[in-house]
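Starting from 1, each residue takes its place in the sequence as its number.
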Amino acid sequence: MATIDPLMTPLGQMLLEEITPVVMLISTPSVEEASLKNGLSFLQTLTPFCSFDNIDVPVRTASDQPYRLHKFKLRLFYASDVKRPDLKVAKEQLKQVITEAGEKEFPDSSSDLPEINLELSSSSEYQNTPSWFRFLNKELVRVASFSDHEAFDHPVICLLAVSSKDEQPINRFVEFFNTDKLPSLFNDGAMDPKISKHYLLVHDNQDGPADRASRILTEMRSTFGTNDCSLLCINSSVDAPFKHQDNPWASYITDSSSTPSQGLGCFLNMGDIDEIKVLMQDLSSKHIIPSMEQKIRILNQQVSATRKGFKNQIKNLWWRKGKEDGADSLSGPAYNFNSIESQIRVLGDYAFMLRDYELALSNYRLISTDYKIDKAWKRYAGVQEMMGLTYFILDQSRKEAEYCMENAFNTYLKLGSLGQLNATRCGLWWIGMLKARDQYKEAATVYFRICGEDILHSAVMLEQASYCYLLSKPSMLRKYGFHVVLSGEQYKKCDQIKHAIRTYRSALSVFRGTTWSYINDHVHFHIGQWYASLGMYDVAVKHMTEILSCSHQSKTTQELFLGDFLQIVEKTGRTYEVTKLQLPVINISTLRVIYEDFRTFGSPSAANTRESLWRSLEEEMLPSFSAAKTNWLELQSKLILKKHSQNVCVAGESVKVTIEFKNPLQISIPISSVTLVCKYSASTDQVISNEIESSMEKDNKVDHFRNMSSDNSSFMVSEVDFLLGGGETTMIELSVTPKEEGTLEIIGVRWKLSGTIVGFYNFELGQPKKNIKGRKTKDLPNEKFKFMVIKSIPKLQGSVHPLPGKAYAGDLRQLVLELRNPSEFPVKNLKMKISHPRFLIIGKQETVMSEFPACLRKKTDSVQSDLHANPNITSNTVFLFPEGTSVQGETPFLWPLWFRAAVPGDISLCMSIYYEMGDVSSIIKYRTLRLHYNVQVLPSLDVSFQICPFRSSLEEFLVRLDVVNKTSSESFQVCQLSSVGHQWEISLVQAPDSIFPSQSLMASQAISCFFTLKKSRRLPTFGDNMSTLPVRSNARLVPQSIEDIVYDINSAPLVNFHHYERLQQEVSYKGDLNTVDFVLISCPFKSSDDPGFSNPSSVMSHHACHFSTASTGPISWLVDGPQTMHHDFSASFCEISMKMHIHNSSGATAFVRIDTLDSAGNGGHMNSVNVVQSATTDNQAGWHDITPVNELKVTSNALETQPGKALSLESASSYIWSGSSSTHLHIEAMSSAEIPLQICVFSPGTYDLSNYVLNWKLPSNGQGDRDEKKQHSGQCQGYKYYLTVLQST
């Protein structure tokens, strides 16, 4: 990093301007009068020419080596201004400077917030800090001028100006320097009254030629000396005012009440200006600089003779030794201008002003110890201050420079009010040193130390400290924002409102976009209040609207914010209009536009259903214009003319907009007059021009909305009023109904808050923009809000009643679809499709007037006809209404529907009705009516079945029914159980009274009952197909005393719902022909008290499908033989013959093998036989005998390796199979076979003849993975069969 010359830093430049030789000016009134013709005082006339940037003057001070000055500056002061500063006057002067800066820097009400450029903040201080800071800091330095302890403010020369018009000019010069007229610092001995003088004769050329002035100048030179006298002629522009292109006085005049800058120096031509320049340059180079050089050399010789050297130092210390024990005084001892201490200080200051910093530093060091010993603290602090500045300029020791500045600052502070102004100046110079070294954090700390007790002074210093944090590396934005807010608070305390607003606006640039909600609210709230106090209500409202949605604040604070906001709006005297008013909060993500083109909706819930669901439902109904399958968007685009690219709506039909309003506050807010803001154009050819206009109007936010009228005769809008409670969210539906053909555009929404302020929200601006990578998107209006309005066309209205909102599972009801067409044009070619035929099916028109539930009961004279009902007539395809069906006028069109609550849960039912309108419109040829209903299905009866075969019959089974009432308060009556399948009959094992003593199933009650299921022995009637004829049997579960009511499950709609239940409950694979379905009919025992059940059902059906009767696989068998026999074993053993009946219930030929195993008995008594377990144990169901654990017999591992051998620990057998030990046979599909069996019994007893194994195998059908799921072979253990043989007598 390159080193920077300290003199080139802001502090260095300030020192070159502020620590420079002072010229005391004394002028006569005539001189001032001549100068005032130019709008300037005489001092102001000379001031711009006291700074020399290209001077080249050789300087030689104490050393013999000269150096040259290239830049030099003089400070001019009237003699009356050379005096000690008054603290009160200085404060008033500074307050005036700050107030004027506030007026000048006050931001325009329409200006944006100031932006913070972090890149610039690290490169330049002046680019980020207010410009008036530098001017104010200079004023703070200047108010500490002419102190008696410093010499650089002592005048080095006195410039005496007398006009040529004055009488006796020579006498006037003598009178000027009368000691009575000199400043008090000269009379008090603080300054040397014997200063150099330069006599200036001023001639006004407007008073005539300069002859008299020349004579006076000659006399002056003879009296005061040739070199000390000069002549200055001014106002040479006599005829016309002279216009200066670059006015040299403009930047030096700060008083706004003076002559405008264009008229300054109007009678001074370029010759006059050149003459002034020469005068001041000669005064500097020929008088002031040589005079200072001579003074330095003289003083240096005196100091060297009296203070330098070892002897002089010892003498000085000895002389001052007793002063250390003196009393500590703030003012310290008085030093005359001719004292050695004052002379050393003058020497140091003169050397500093002539830039001999080494000489200055040596003298400051010399005098510093003297002042400290003398306890002259103010003079000591002043010397330390100059030592710090000298160290800084020499760039020798930063540590020493900072030490001296801190020492001086602390010493000034100890002096209290006597050193307050000097402490501020010292602090500012110290801050300049730190800033020059990029130590901004340390500089901010010094600002805090010089704040003082004065509030206004503290506000300015806090603001400057905040910018130090901004300029630090890296930037400390949070501290910047925090301290700039603190300074704003201080400004407000001293009524500097404009400064307070400016600082708070600067803080907003930091807090904007952050999550610091509380400080954001604080800043916006106070800015709004302060703007309102200035009468700038528009800007005040703008800031107050930023804090309305302060959900994080307490209720009290929210009431305060809203109350102040409404008061400010009330003061405007009008209904205020705000774009994007934050109260209430509009959730733009919930915005939905609902309109009806070819799609119409029968209810709001239908409009809120996903479009994809409707597409899939209507896909088969919508006409196709090509052989290729197209989606509904492509179909619709072919119906609408290509030039119409926007949405289509129908005149007289409303376009609805739903959007969510949220109250973020804890207090209630009244919202009124909520309407849509729309724009209508009569011609659809204006689409392109309207898009361009809308994109241009986006910038004119409020005006754009204000011009949109809601009372347009071409459309009608709805208006909503509501009260939003604390934290409440509500969905509001707004609508606009066009009356004529044309183009309608929805712009946004407007509302009134508390009846005093109108809020607008532009939907277009609120929508998130989608950026497509690699493409430039045009800023055109969103087509979502633009509609082409066509003429009125027919619209079908429909409803389904009485559809319940709540129902119990199994609930069966008869409904009616009612359609109306209020238009004069008929609709035809009606089609309908339902989303869930398991819950809702379409009935026959002739049953629309039938009585329910009587239509479900079995009639004795129609049993046979019902048997031919085919459940496959209902499918999930489009239902076509009868040809010629037309809906027109007020007469409703009715069609029956059937509803069944199939399963518990929240069910969403959708149905779409398609209809055509002929040639009414060239754009829309057909429409669809979408109906949607939600039904809550509650659990009712939980039904489960178990089937177990009887051992005494091949085609007879025991069925166990388990029913559980899942409700908490309802009772049901179980009426009937019907079996559905191939030739099955069902009957109840026990009487209904024993199952349901109370004739009902109470809440949470569970019951089990048993039925017998067997193949029907009834022969089919003529024309019936045995393979497809379903035989249904009904078992009544109510006592005989109740009316004999049987429900016909073969009639519609039960047969139709059963069809869909079979589809829903379909097993994973097909092929099992031995299945049976069950239908359980029940009804509520008493009416429900729940208001949701408006019309309680009288019939409930529960369907259980695909129960297999083949519990051990496709092969079933039965051993047929005697149970008890008598035999005389004394004569011979007993030989018994039996038969085994085998049935193949599969659809393929089965290969069967029966292996008999000899028994290892225990004295002829019943023994357990250990055999290999069946491979098809998973297929066995029902009840089985389980051998007790104590009857199990232990076998060795060797014996276990011989499957098929039933061996015990005893060698004798009680009986043996005397027939074939292994029998093989093939059994055709769905057929039976019979094989003989024979045993020989050797002793009386009871024998278990289950020691045989049946093996079966089915051929594979070659269907791959699907076929693998079926079992093609198995091995089954024999059933328990007990035979008792007794000894005959």
Side-chain angles (χ1 to χ4, degrees), residues 21 23-57 72-76 78 157-166 169 172-173 196-221 224-253 259 263-290:
V23 176
M24 185 172 64
L25 177 61
I26 302 177
S27 60
T28 62
S30 300
V31 174
E32 296 296 331
E33 182 181 351
S35 298
L36 288 175
K37 294 179 180 180
N38 299 288
L40 302 166
S41 66
F42 188 60
L43 185 143
Q44 291 173 339
T45 304
L46 301 180
T47 298
F49 310 103
C50 292
S51 180
F52 313 103
D53 295 331
N54 55 356
I55 193 172
D56 188 9
V57 179
F72 197 67
K73 183 182 179 181
L74 300 176
R75 289 184 292 161
L76 292 180
Y78 283 118
I157 194 171
C158 182
L159 181 61
L160 306 175
V162 176
S163 174
S164 59
K165 291 171 51 178
D166 291 327
R172 298 300 302 271
F173 281 121
S196 301
K197 304 176 186 64
H198 190 79
Y199 305 92
L200 178 63
L201 181 65
V202 180
H203 176 70
D204 186 353
N205 286 327
Q206 293 183 359
D207 295 337
D211 297 339
R212 183 172 184 272
S214 299
R215 292 195 300 271
I216 297 174
L217 178 61
T218 303
E219 186 179 356
M220 289 169 53
R221 286 177 174 172
F224 304 112
T226 303
N227 296 330
D228 294 332
C229 298
S230 300
L231 173 65
L232 177 63
C233 296
I234 59 174
N235 299 336
S236 299
S237 181
V238 180
D239 298 334
F242 185 80
K243 294 183 179 181
H244 302 274
Q245 293 183 353
D246 296 327
N247 197 304
W249 296 277
S251 59
Y252 291 89
I253 304 301
T259 307
L264 297 176
C266 55
F267 294 108
L268 298 175
N269 59 15
M270 294 306 298
D272 296 339
I273 293 176
D274 291 340
E275 191 172 347
I276 296 173
K277 289 181 179 180
V278 172
L279 170 67
M280 300 310 297
Q281 188 165 355
D282 289 345
L283 184 64
S284 299
S285 59
K286 296 181 180 179
H287 295 86
I288 296 177
I289 295 177

Asks: Does the Asn38 side chain pair with the main chain of Leu40, one donor and one acceptor, at a distance under 3.5 Å?
Replies: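 Not at all, since once roles are kept as given, no pair shorter than 3.5 Å links the two residues.
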Asks: Would you say Lys165 and Asp207 make side-chain contact, with heavy atoms under 4.5 Å?
Replies: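 Touching, per the 4.5 Å side-chain cut-off.
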Asks: Side chains of Tyr78 and Ser41, heavy atoms from C-beta outward: is any pair under 4.5 Å?
Replies: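 Side-chain contact under 4.5 Å: yes.
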Asks: Return the minimal non-hydrogen interatomic distance between Cys233 and Ala210, and the atom names on each side.
Replies: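 Between these two residues, the closest heavy atoms are SG-CB, 4.4 Å.
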Asks: Give, for atom OG1 of Thr45 and atom NZ of Lys37, the distance between the pair rounded to the nearest 0.5 Å.
Replies: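 Going from the OG1 atom of Thr45 to the NZ atom of Lys37 covers 12.5 Å.
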Asks: Would a distance-only check, ignoring hydrogens and angles, find a side-chain to backbone donor-acceptor pair under 3.5 Å from His287 to Ser196?
Replies: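 The answer is no, because no donor-acceptor pair under 3.5 Å joins these two groups.
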Asks: What is the minimum heavy-atom distance between Ser163 and Thr28, and which atoms define it?
Replies: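 Distance-wise, the nearest heavy atoms are N-OG1, 3.6 Å.
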Asks: Taking the side chain from Gln281 and the backbone from Val278, do they hold a donor-acceptor pair closer than 3.5 Å?
Replies: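 Flag not set: sc Gln281 to bb Val278 has no pair under 3.5 Å.
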Asks: Compare every heavy atom of Val31 with every heavy atom of Val162, then report the nearest pair and how far apart it is.
Replies: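 Nearest heavy atoms, Val162 then Val31: C-CG2, 3.5 Å.
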Asks: With sequence neighbours left out, what residues match Asp272 under side chain to side chain donor-acceptor pair (under 3.5 Å)?
Replies: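 Once residues adjacent in sequence are excluded, the partners of Asp272 under the side chain to side chain donor-acceptor pair (under 3.5 Å) criterion are Ser236.
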Asks: As an exercise, state the distance from CG of Leu201 to CZ of Arg221, rounded to the nearest 0.5 Å.
Replies: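 Taking CG in Leu201 and CZ in Arg221, the distance rounds to 10.0 Å.
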Asks: Determine, step by step, whether Asn235 and Asn205 satisfy the side-chain hydrogen bond (donor to acceptor under 3.5 Å, both in side chains) criterion, reporting the C-alpha distance in whole Å, the side-chain angles of both residues, the deciding distance to 0.1 Å, and the verdict.
Replies: CA-CA 6 Å; Asn235 299 336; Asn205 286 327; over 6 Å; no
Asks: Restricting to side chain to side chain contact (heavy atoms under 4.5 Å, CB included), what partner residues turn up for Cys50, sequence neighbours left out?
Replies: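 If we apply the side chain to side chain contact (heavy atoms under 4.5 Å, CB included) test to Cys50, skipping adjacent residues, the hits are Leu74, Leu76, Met280.
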Asks: Please determine, by modelled atom types, if Ser230 and His198 share a side-chain donor-acceptor pair under 3.5 angstrom.
Replies: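 Yes - a donor-acceptor pair under 3.5 Å links their side chains.
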Asks: Any heavy-atom pair between the side chains of Thr47 and Phe42 that's under 4.5 Å?
Replies: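 Of all side-chain heavy-atom pairs linking Thr47 with Phe42, none is under 4.5 Å.
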Asks: Working to the nearest 0.5 Å, report the span between SG of Cys158 and CD1 of Ile26.
Replies: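 So the gap between those two atoms works out to 4.0 Å.
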Asks: My understanding is that only residues two or more places apart in sequence, or in another chain, count here; which of them pass side chain to side chain donor-acceptor pair (under 3.5 Å) with Glu275?
Replies: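 So Glu275 forms no side chain to side chain donor-acceptor pair (under 3.5 Å) with any residue.
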Asks: On the 0 to 90° scale, with breaks at 30° and 60°, tag the Tyr199-Phe173 ring pair as parallel, tilted or perpendicular.
Replies: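 Rings of Tyr199 and Phe173: perpendicular, as their planes differ by over 60°.
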Asks: Just jot down the side chain to side chain contact (heavy atoms under 4.5 Å, CB included) partners of Asp274, sequence neighbours excluded, or say none.
Replies: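 Only Lys277 meet the side chain to side chain contact (heavy atoms under 4.5 Å, CB included) criterion with Asp274.
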Asks: Tell me every residue that passes ring-ring contact (aromatic ring centres under 6.0 Å, His included) with Phe72, counting only those two or more places apart in sequence or in another chain.
Replies: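 Counting only residues at least two positions away or on another chain, Phe72 forms no ring-ring contact (aromatic ring centres under 6.0 Å, His included).
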Asks: Identify, with sequence neighbours excluded, every residue that meets side chain to side chain donor-acceptor pair (under 3.5 Å) alongside Asp228.
Replies: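 Expected list: none.
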